[in-house]
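As structure tokens, the structure follows; a few thoughts come after it.
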There are 2 protein chains.
Amino acid sequence: MKRIAESTVRRLSLYLRFLEEFEAQGHQTISSGELASQGGTTSAQVRKDLSFFGSFGKRGLGYSVSALSASLREILGLGRQWNVIIVGAGKIGAALAQYKGFRERGFKVVGVYDTDSARVGRSLDGVHVKDQRELEGDVAKLKPQIALIAVPAEAAQPLVDRLVKSGVRAILNFAPTPLTVPKGVTLRSVNMALELEILSYALVNADD
Amino acid sequence: MKRIAESTVRRLSLYLRFLEEFEAQGHQTISSGELASQGGTTSAQVRKDLSFFGSFGKRGLGYSVSALSASLREILGLGRQWNVIIVGAGKIGAALAQYKGFRERGFKVVGVYDTDSARVGRSLDGVHVKDQRELEGDVAKLKPQIALIAVPAEAAQPLVDRLVKSGVRAILNFAPTPLTVPKGVTLRSVNMALELEILSYALVNADD
DNA sequence: ATTAGCTTGTGAAATCATTCACAAGACCGC
DNA sequence: GCGGTCTTGTGAATGATTTCACAAGCTAAT
Ligand SMILES: NC(=O)c1ccc[n+]([C@@H]2O[C@H](COP(=O)([O-])OP(=O)(O)OC[C@H]3O[C@@H](n4cnc5c(N)ncnc54)[C@H](O)[C@@H]3O)[C@@H](O)[C@H]2O)c1
Ligand SMILES: NC(=O)c1ccc[n+]([C@@H]2O[C@H](COP(=O)([O-])OP(=O)(O)OC[C@H]3O[C@@H](n4cnc5c(N)ncnc54)[C@H](O)[C@@H]3O)[C@@H](O)[C@H]2O)c1
């Protein structure tokens, strides 16, 4: 299949969230326009996004909320549970480990790792923090598909290398540093200071 | 001035970070190619990004690290301290309040607010948590330019409305819900579950 | 069965972003 | 001062994404 733009995947994920809300409200069908207004986009965009994957609607009627939800879940790979590990049990790592929003969307935290012996052994919402030396062994055993990186910037690249070597193929990084991964591994970074800098830019350029 | 793409602003922010590292290493000049390789982009992209704002380099030589850093800081509005408030002192709000990375980049947390009386009064790294009823008064007094939203999804829109009414013009939202702001206010959202869903998509479509 | 009223799916057009490619400028060594 | 070697700044070309616009399909009402 043709490569799909990340912006499209991002919107599909948003559409799914709105569909679930709609479903909870008891609606049976939804039009591209309604979906668009929720997501801050246009009806044409919604239809174009969906058209890359097939044809899900009924002309004159719209989309079946439940059928489209199911299709989007399928497309996004959310019909299953993903096992996730978190490395770094500091402030942000602990918050992520306890975040209910992940589990609700099918991402289960199966391990949390740290170097600091003061943190190892503690329990974060049912998952107990282990020493990072157990990382490789656990990855081989538990086969988590996704790893979250919540360690200091300078520890991030060596950690990525270990994770990749152990077989992790998708990484979400929170350390504010550029990282490289070999082909075949997907890396995404969330950089919060950078988000604030974009706001800063917007504030000083408010007049345009 | 012509409107600048967000992707450009994002890269400028990254360039600045690399320049600071370069400066710390004692380098005087840097070429677009060196800057590009750090940021995972191309030299042409770097030059084009900068060209929107002026001409900062010397042909044959490259850019003065310190002069370009200063220019980028100016462009991004980072030549000053920004005051930031955080609403919601739960797990993620507390992590953000204690995050050193913000202060290092000129963002100072001047207030943290919550509804929960068990959390009010605690101190998070020097800033003590106040009752959210003090929000409006404090915003009038402290004039924070930026607010971070770390409350449950259902509390987010009413909170945005209060913040906007009080004069906050830039908001970074961590609640996984769509929010609307009037024109003149900048809103950005960080949606971590969505980041994981993009990874999920990448994993199930690894072969393309 | 026909019509009226919606809404989809999709080529074509328009807009936006990135990459190419090269003239022009700067430095260095001789 | 000149030739050689770099590297910038930038139009033009390419590529990607979004928007437009409309034929075609479905429903419901009569
Ligand atoms: N706190 C935030 O809100 C926040 C926000 C954005 C980004 N970040 C980034 O997230 C990362 C962690 O930040 P934090 O505030 O949680 O810091 P922290 O110091 O609270 O936590 C870092 C943890 O990582 C552990 N660690 C260090 N090296 C390790 C390794 N090799 N293996 C396993 N664990 C290791 C430390 O023992 C510590 O517990 C940093 O890169 C930071 O820039 C934090
Ligand atoms: N924990 C995470 O890692 C994480 C990650 C991504 C997004 N989020 C999102 O961030 C938000 C907070 O998550 P959390 O895990 O910190 O939850 P939490 O329950 O630990 O914290 C929420 C806090 O907000 C406070 N609050 C509620 N309504 C408020 C109001 N009107 N004004 C001020 N404070 C109010 C609550 O008292 C509580 O202390 C949620 O929307 C969540 O989806 C959390």
Side-chain angles (χ1 to χ4, degrees), chain A residues 1-15 18-19 22 27-72 75 198 201-202 205 208, chain B residues 1-15 18-19 22 27-72 75 198 201-202 205 208:
Chain A
M1 187 174 24
K2 206 184 144 295
R3 212 190 137 275
I4 300 299
E6 182 193 305
S7 52
T8 295
V9 177
R10 178 176 293 272
R11 283 190 300 266
L12 291 179
S13 190
L14 288 173
Y15 302 155
F18 305 144
L19 285 168
F22 248 71
H27 294 79
Q28 304 280 306
T29 62
I30 189 172
S31 70
S32 57
E34 293 169 288
L35 213 35
S37 69
Q38 283 292 309
T41 181
T42 65
S43 62
Q45 181 79 80
V46 170
R47 295 198 300 278
K48 183 64 90 181
D49 286 340
L50 296 175
S51 77
F52 295 130
F53 298 92
S55 143
F56 305 98
K58 272 210 176 60
R59 289 168 192 227
L61 195 61
Y63 301 87
S64 150
V65 173
S66 62
L68 185 56
S69 298
S71 299
L72 288 181
I75 290 166
I198 297 174
Y201 175 83
N205 295 277
D208 48 33
Chain B
M1 185 173 26
K2 207 182 144 296
R3 213 190 136 275
I4 301 298
E6 182 192 305
S7 52
T8 295
V9 177
R10 177 176 293 274
R11 282 190 302 264
L12 292 179
S13 189
L14 289 173
Y15 302 155
F18 304 145
L19 285 168
F22 248 70
H27 293 79
Q28 305 279 307
T29 62
I30 188 173
S31 69
S32 56
E34 292 168 289
L35 213 33
S37 70
Q38 283 292 310
T41 179
T42 66
S43 64
Q45 181 79 81
V46 171
R47 296 198 301 276
K48 181 65 89 180
D49 286 340
L50 296 175
S51 77
F52 295 131
F53 298 93
S55 141
F56 304 99
K58 273 207 175 63
R59 290 169 191 227
L61 195 61
Y63 302 87
S64 149
V65 173
S66 63
L68 186 56
S69 297
S71 299
L72 288 182
I75 291 166
I198 296 175
Y201 175 83
N205 294 279
D208 49 37

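When reading the values below, keep in mind they use all heavy atoms of this one structure, side chains included, and skip hydrogens, waters and symmetry mates. Labels below follow one simple rule: chain letters A, B, ... track the order of the sequence lines, proteins then strands, and each chain is numbered from 1. Keep in mind that this is a model prediction, so the values were computed, not measured.
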Fill in the blank from the handout: Residues A:V65 and A:L19: closest non-hydrogen pair is CG1-O, 3.4 Å

Completion exercise
Heavy-atom nearest pair, A:S43 first then A:S32, reads CB-OG, 3.5 Å

Problem - Toward the 5' end of DNA chain D, by each residue's nearest nucleotide, B:G60 or A:T8 - result: B:G60

Nucleotide [N], atom [atom2] - distance to [atom1] of [X] in whole Å:
X     : N      : atom1 : atom2 : answer
A:E6  : D:dG15 : CD    : C1'   : 18 Å
B:F52 : C:dC16 : CZ    : P     : 12 Å
A:L35 : C:dT8  : CG    : C1'   : 13 Å
A:I30 : C:dT7  : CD1   : P     : 12 Å
A:L61 : C:dA4  : CG    : P     : 21 Å
A:L50 : C:dT7  : CG    : C1'   : 13 Å
B:R11 : C:dT19 : CZ    : C1'   : 12 Å
A:D49 : D:dT17 : CG    : C1'   : 10 Å

Taking only N and O in the side chain of [X], is any of them less than 4.0 Å away from OP1 or OP2 of [N]?
X     : N      : result
A:S55 : C:dG9  : yes
A:Y63 : C:dG9  : yes
B:R3  : C:dC16 : no
B:Q45 : C:dT19 : yes
A:S32 : C:dT7  : no

Among the nucleotides [options], which one has an atom lying closest to any side-chain atom of [X]?
X     : options                : value
B:R47 : D:dG9, C:dG9, D:dT18   : D:dG9
B:S7  : C:dA17, C:dG9, D:dT8   : C:dA17
A:K48 : D:dA21, C:dG11, C:dT19 : C:dG11

Problem - Side-chain (B:Q38) to main-chain (B:L35) donor-acceptor, under 3.5 angstrom - result: no

Exercise for the section: Starting at OH of A:Y201, measure out to OG1 of B:T8 and round the result to the nearest 0.5 Å. Expected result: 8.5 Å

Practice task
Nearest-nucleotide wise, let me know which of B:A44 and A:E34 is further upstream toward the 5' end of DNA chain C.
Solution key: A:E34

Practice task
Measure distances between side-chain N and O atoms of B:R59 and base N and O atoms of D:dT7, and say whether any donor-acceptor pair falls under 3.5 Å.
Solution key: no

Exercise for the section: Determine the interplanar angle of the B:F22 and B:H27 rings, folded into 0 to 90°, and report it as parallel if under 30°, tilted if 30 to 60°, perpendicular if over 60°. Expected result: tilted

